[in-house]
Amino acid sequence: MRPNIYDRNLNRTRTAEISASAFAFLFSEMVQYTQKRVSGINDLERRHVYFLSLSLSLTTHRLNTLGYRVGVRVLELMVWRAESSSKTPKREIRFLPALMSIHTQVWRAVFGRPADAIEKNMIIDNDPLLERHISVPRDFSTLSCSSFAAGIVEAVLDGLGFPARVTAHNTPTQQYPSRTTILIKLEQSVLEREQVLK
């Protein structure tokens, strides 16, 4: 008899990988599923609605929300693994080390490799896995499927005690046409706490 999935050791599946085509298919189906249930691009990308671009706002919302749900679970799994493998687990109380952790550990856990660059309040991915096999129609040219990754980052930051609004922006260059920047806007309380800890 095959063992139940709930009985499996969580640390043993740490290095398990899925095929890129299976991931691309699943993510494509998620985008199509949510796209059919929204009235604009921004509702598909993010959770915050702006009145000036209401139709765009309504499309990005769903991808960010789905990413947020995944991010909560990724953080929970990473904390569990850190606590089970270390006698004295460390919790980051400063923003920059938390951002570095997201840049390397979270990105590696979700996408199989660390992000390409990190700046003050940004994570840059030159070749995002989410955008690799997706062609966006012209009428959806402002759609960033990396809003899913922004939702993951937002959930991890919220869970670590750094509430923020996280958005994804396409920032193509000649060398990297699908380059994406994840922009993090921290809440005022986090900025004040960072000033006190300096």
Side-chain angles (χ1 to χ4, degrees), residues 15-35 38 40-48 50 53 55-57 59-71 74-75 78 95-157 160 162 164-186:
T15 58
E17 294 181 8
I18 63 166
S19 70
S21 60
F23 180 78
F25 176 74
L26 177 64
F27 187 70
S28 169
E29 288 299 313
M30 286 172 40
V31 171
Q32 289 177 32
Y33 176 82
T34 55
Q35 189 177 8
V38 296
I41 293 173
N42 280 346
D43 186 33
L44 186 60
E45 282 181 1
R46 74 170 59 100
R47 296 183 305 140
H48 305 284
Y50 294 97
S53 58
S55 65
L56 293 176
S57 234
T59 309
T60 57
H61 165 72
R62 305 288 171 99
L63 285 176
N64 189 288
T65 302
L66 287 172
Y68 194 93
R69 292 176 180 174
V70 170
V74 167
L75 179 62
M78 292 184 68
F95 175 68
L96 193 55
L99 188 62
M100 290 295 292
S101 173
I102 293 170
H103 168 265
T104 54
Q105 296 170 349
V106 172
W107 227 258
R108 185 174 287 125
V110 176
F111 302 114
R113 63 175 182 79
D116 294 306
I118 188 171
E119 292 183 17
K120 186 177 179 184
N121 286 354
M122 295 183 278
I123 297 174
I124 299 168
D125 196 347
N126 291 331
D127 186 25
L129 181 63
L130 299 173
E131 304 270 345
R132 198 173 291 164
H133 303 289
I134 292 180
S135 58
V136 179
R138 287 184 186 212
D139 54 333
F140 284 95
S141 62
T142 59
L143 172 66
S144 175
C145 290
S146 291
S147 292
F148 182 79
I152 293 172
V153 171
E154 188 171 340
V156 171
L157 285 172
L160 292 174
F162 299 96
R165 182 168 165 258
V166 183
T167 55
H169 304 277
N170 293 330
T171 53
T173 63
Q174 201 165 14
Q175 187 176 5
Y176 302 107
S178 62
R179 182 176 189 241
T180 299
T181 300
I182 306 293
L183 184 63
I184 301 163
K185 184 171 188 217
L186 296 169

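The first residue in the sequence is number 1, and the count goes up from there. Only this structure's heavy atoms are used, side chains among them; waters, hydrogens and symmetry mates stay out.
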Quick one: closest heavy-atom pair of Ala149 and Trp107, and the distance?
CB-CH2, 4.1 Å

With sequence neighbours left out, the residues meeting side chain to side chain donor-acceptor pair (under 3.5 Å) with Ser178 are none

Rounded distance (nearest 0.5 Å) linking atom CZ of Arg165 with atom CG of Leu157:
14.0 Å

Can you list the residues that meet the side-chain contact (heavy atoms from CB on, under 4.5 Å) rule with Pro177, with sequence neighbours excluded?
none

Which heavy atom of Met78 sits nearest to which heavy atom of Ala109, and what is that distance?
SD-CB, 4.3 Å

Which heavy atom of Met30 sits nearest a heavy atom of Phe148, and at what distance?
CE-CE1, 3.4 Å

Considering residues at least two apart in sequence or located in another chain, which fulfil the side-chain contact (heavy atoms from CB on, under 4.5 Å) criterion with Val110?
Val74, Val106, Ile152

Could you walk me through whether Thr181 and Ile123 pass the side chain to side chain contact (heavy atoms under 4.5 Å, CB included) test, one step at a time?
CA-CA 6 Å; Thr181 300; Ile123 297 174; over 6 Å; no

Could you list all the salt bridge (Lys or Arg N to Asp or Glu O under 4.0 Å) pairs where at least one residue sits in residues 171-184, not counting sequence neighbours?
none

Suppose we screen for ring-ring contact (aromatic ring centres under 6.0 Å, His included). Which residues come up paired with Phe25, at least two apart in sequence or across chains?
none

Please name all residues satisfying side-chain contact (heavy atoms from CB on, under 4.5 Å) with Leu160, sequence neighbours left out, ordered by chain then number.
Leu75, Ala98, Val156, Phe162

Assess whether atom CD of Gln175 is packed by more than 12 heavy atoms of other residues, nucleotides or ligands within 6.0 Å.
no

Residue pairs fulfilling side-chain hydrogen bond (donor to acceptor under 3.5 Å, both in side chains) with at least one residue in residues 113-124, sequence neighbours excluded
Arg113-Asp125

Roughly how far apart are His103 NE2 and Leu96 CG, rounded to 0.5 Å?
11.0 Å

Sequence neighbours excluded, which residues qualify as side chain to side chain donor-acceptor pair (under 3.5 Å) partners of Thr104?
none

Are His169 and Thr167 linked by a side-chain donor-acceptor pair shorter than 3.5 Å?
yes

Given the rule in the side chain to side chain contact (heavy atoms under 4.5 Å, CB included) test, do Ile124 and Ile118 qualify, once you have shown the distances and angles that lead to the verdict?
CA-CA 6 Å; Ile124 299 168; Ile118 188 171; over 6 Å; no

Distance, nearest 0.5 Å, that separates OG of Ser146 from CG of Leu129
9.5 Å

To check you understand the geometry: which heavy-atom pair defines the closest contact between Ile182 and Ala150, and what is its length?
CD1-N, 4.1 Å

